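Each remark here refers to the structure printed beneath this line.
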Amino acid sequence: MTVRKGEKMAISIQEHMAIDVCPGPIKPIKQISDYFPRFPRGLPAAVNRNSVHSTVSQPSITQSEATEEDDVDKLFGAYGAASAAPTKREEDTEAEGYESDDSTTLGTLDFSLLYDQENNALHCSINKAKGLKPMDHNGLADPYVKLHLLPGASKANKLRTKTLRNTLNPIWNETLTYYGITDEDMVRKTLRISVCDEDKFRHNEFIGETRIPLKRLKPNQTKTFNICLEKQLPIDKTEDKSLEERGRILISLKYSSQKTGLVVGIARCAHLAAMDANGYSDPYVKIYLKPDVDKKSKHKTAVKKKTLNPEFNEEFCYEIKQADLAKKTLEVTVWDYDIGKSNDFIGGVTLGINAKGERLKHWFDCLKSKDKKIERWHTLTNELPGSILSD
């Protein structure tokens, strides 16, 4: 093809692409390991690299490429020498054998426990915490303490302290009390004490916990603890006794010769099962003395709003001869009051000649001791033989 002077030679698109893709002499591509050879573990940084390179088979390269590699090796050698000398922080970490984690920075908790055997109460005095783990962006926390009795942890037996703002060393000096604690509870239950950080706009965060088997306590003796908090432990749900409980109720019985009748006192309930969506109940108590031929033995307490630990302190009297009580049964039921629908059954207990254990003993003690008020805690169950589970 002839080209006139001053004109550029026109190249077709096919020829242009052929020129671009036409390969030149192919050189072997070096591997990254050629620049960063792996040294044996424990080899000092000052080792002669030529000896290492001599043991590594390398592809044939030109003199210019060798010079380039030497420059890379010099840079690598300087880096290796710098990294080989550990910093003071790294030396400290290696000396300890592990880096700091939650198990060493959760903090300590100071508290004391007292089992009041006469009043069936467990007093938990939460004193202070020290060195809590920071949970907020400002390096502090808003800590509070909550208590559960295990097995059977639920909102019904949860107690908590107030929240203290912006501190890692809170001082609460609060006493939280569980009522209705029996000697049997002291043998088989465990107190779980958790420290948490309160968040206004998010879920509260767990900091640490500790667990104290109640059998470690002696009746009527205060025991003080200063314990390092631990990470959260799983709850064993295989223990089924407390999971069937619906709460406790404190009942008093007295046969009054002056009134010629049985005086039944409903003092309070504790750790009731939550029946409402808000996690609480609106409980009240009904009692019957059966057989009830005339259906006049029903008595009801007032309703206590939004609580799982209501105090009633109400008494009811049944006019009856003391000898006839041996043929009677006292049925006590606890209900959750609901507006516009049927009330929910929470739990119940039966006292009388057909009862067993503490319920039977309580009834007979009342029959034997005229004009003496006998007060006992009883466990509510979700089944009550002979009762009508409706209101």
Side-chain angles (χ1 to χ4, degrees), residues 99-150 152-181 185-186 189-233 235 268 270-271 279-280 306-309 311:
E99 293 184 357
S100 177
D101 59 10
D102 288 348
S103 64
T104 60
T105 60
L106 298 180
T108 60
L109 183 65
D110 183 281
F111 61 96
S112 61
L113 302 176
L114 170 64
Y115 173 48
D116 184 352
Q117 191 175 33
E118 182 179 353
N119 296 310
N120 296 105
L122 176 64
H123 303 288
C124 311
S125 298
I126 308 300
N127 302 322
K128 60 184 178 180
K130 186 176 180 182
L132 294 180
K133 177 183 176 182
M135 303 299 291
D136 298 335
H137 295 300
N138 59 4
L140 300 173
D142 302 320
Y144 66 93
V145 177
K146 63 178 180 179
L147 310 180
H148 286 106
L149 283 176
L150 303 177
S154 67
K155 197 162 188 174
N157 65 39
K158 183 184 81 171
L159 301 176
R160 63 163 286 175
T161 66
K162 61 186 177 183
T163 301
L164 300 182
R165 302 291 177 186
N166 297 323
T167 179
L168 300 179
N169 301 287
I171 301 176
W172 289 284
N173 288 331
E174 285 190 52
T175 298
L176 308 175
T177 301
Y178 280 105
Y179 295 98
I181 302 299
D185 293 328
M186 297 300 295
K189 284 189 175 290
T190 296
L191 179 66
R192 178 191 184 194
I193 306 177
S194 307
V195 182
C196 300
D197 170 61
E198 184 176 294
D199 263 318
K200 290 184 178 180
F201 305 106
R202 298 183 299 172
H203 291 295
N204 296 343
E205 296 179 291
F206 175 86
I207 298 178
E209 71 169 38
T210 186
R211 299 185 185 185
I212 306 296
L214 296 185
K215 60 185 178 183
R216 292 177 57 182
L217 305 180
K218 294 182 179 179
N220 306 314
Q221 293 185 20
T222 301
K223 187 173 180 64
T224 302
F225 300 84
N226 194 317
I227 295 180
C228 291
L229 297 174
E230 303 176 81
K231 292 182 179 180
Q232 194 164 13
L233 302 172
I235 297 176
R268 65 190 305 163
H271 325 319
Y280 294 96
K306 197 178 177 182
T307 179
L308 301 177
N309 298 279
E311 293 187 35

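Please read these numbers as outputs of a predicted model, since none were measured by experiment.
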Legend entry - Non-hydrogen side-chain atoms of N173 and N127 separated by less than 4.5 Å: yes
Legend entry - Shortest non-hydrogen contact between P143 and L132, atoms and distance: CB-CD1, 3.7 Å
Inset, instruction - Identify the heavy atoms of G139 and P134 that sit nearest to each other, and give their distance. - result: O-CB, 3.3 Å
Legend entry - From CG (L164) to CD1 (I171), nearest 0.5 Å: 9.0 Å
Inset, instruction - With the side chain counted from C-beta on, respond yes when S112 and L114 share a heavy-atom pair under 4.5 Å apart, and no when they do not. - result: no
Legend entry - Exam field: side chain N309 to backbone H271, donor-acceptor pair closer than 3.5 Å: yes
Inset, instruction - Would you give the length of the straight line joining atom CG of L217 to atom CD1 of I212, rounded to the nearest 0.5 angstrom? - result: 8.0 Å
Inset, instruction - Check side-chain hydrogen bond (donor to acceptor under 3.5 Å, both in side chains) between N120 and all other residues, then give those that pass, not counting sequence neighbours. - result: none
Inset, instruction - List for me each residue that meets side-chain hydrogen bond (donor to acceptor under 3.5 Å, both in side chains) alongside N169, sequence neighbours excluded, and say none if there are none. - result: none
Inset, instruction - Rounded to the nearest 0.5 Å, what's the gap from NE2 on H148 to CD1 on I193? Could you check? - result: 12.0 Å
Inset, instruction - Could you check if a side-chain atom of T108 sits within less than 4.5 angstrom of a side-chain atom of I227, using non-hydrogen atoms only? - result: no
Legend entry - Heavy-atom pair with the smallest gap, counting every atom of L159 and T177: CD1-O, 3.5 Å
Inset, instruction - Using the ring pair (Phe, Tyr, Trp, His ring centres under 6.0 Å) rule, collect all pairs that involve residues 111-132, keeping only residues at least two apart or in two chains. - result: F111-F225
Inset, instruction - Please identify each residue that fulfils side-chain hydrogen bond (donor to acceptor under 3.5 Å, both in side chains) with N166, with sequence neighbours left out. - result: N138
Legend entry - For S125, side-chain hydrogen bond (donor to acceptor under 3.5 Å, both in side chains) partners two or more places apart: T175
Inset, instruction - Determine whether L106 and V195 make a side-chain contact, defined as any pair of heavy atoms from C-beta on separated by less than 4.5 Å. - result: no
Legend entry - Pairwise distance CG(L113) to CZ(R216) - rounded to 0.5 angstrom: 9.0 Å
Inset, instruction - Could you name each residue pair satisfying salt bridge (charged side-chain N to carboxylate O under 4.0 Å, His left out) that touches residues 108-124, not counting sequence neighbours? - result: none
Legend entry - Validation row: E209, Q232 side chains within 4.5 angstrom (heavy atoms): yes
Inset, instruction - Measure the CD-CD distance between Q221 and Q117 for me, rounded to the nearest 0.5 Å. - result: 11.0 Å
Legend entry - Qualifying residues under salt bridge (Lys or Arg N to Asp or Glu O under 4.0 Å), relative to E311, sequence neighbours excluded: R268
Inset, instruction - Check whether any side-chain heavy atom of L122 lies under 4.5 Å from a side-chain heavy atom of D185, and answer yes or no. - result: no
Inset, instruction - Could you grab the distance from atom NZ of K130 to atom CG of L109, nearest 0.5 Å is fine? - result: 13.5 Å
Inset, instruction - Side-chain contact test, heavy atoms from C-beta onward, threshold under 4.5 Å: evaluate it for V145 versus L176 and give yes or no. - result: no
List the atom pairs, with distances to 0.1 Å, where a side-chain N or O of residues 197-208 and a protein N or O form a donor-acceptor pair under 3.5 Å, not counting sequence neighbours.
residue	atom	partner	partner atom	Å
D197	OD1	D142	N	2.6
E198	OE1	R160	NH2	3.3
E198	OE1	T163	OG1	2.7
E198	OE2	R165	NH2	2.6
N204	OD1	D199	N	2.9
N204	ND2	Y144	OH	3.1

Inset, instruction - Report yes if the side chains of L168 and L140 come closer than 4.5 Å at any heavy-atom pair, otherwise no. - result: yes
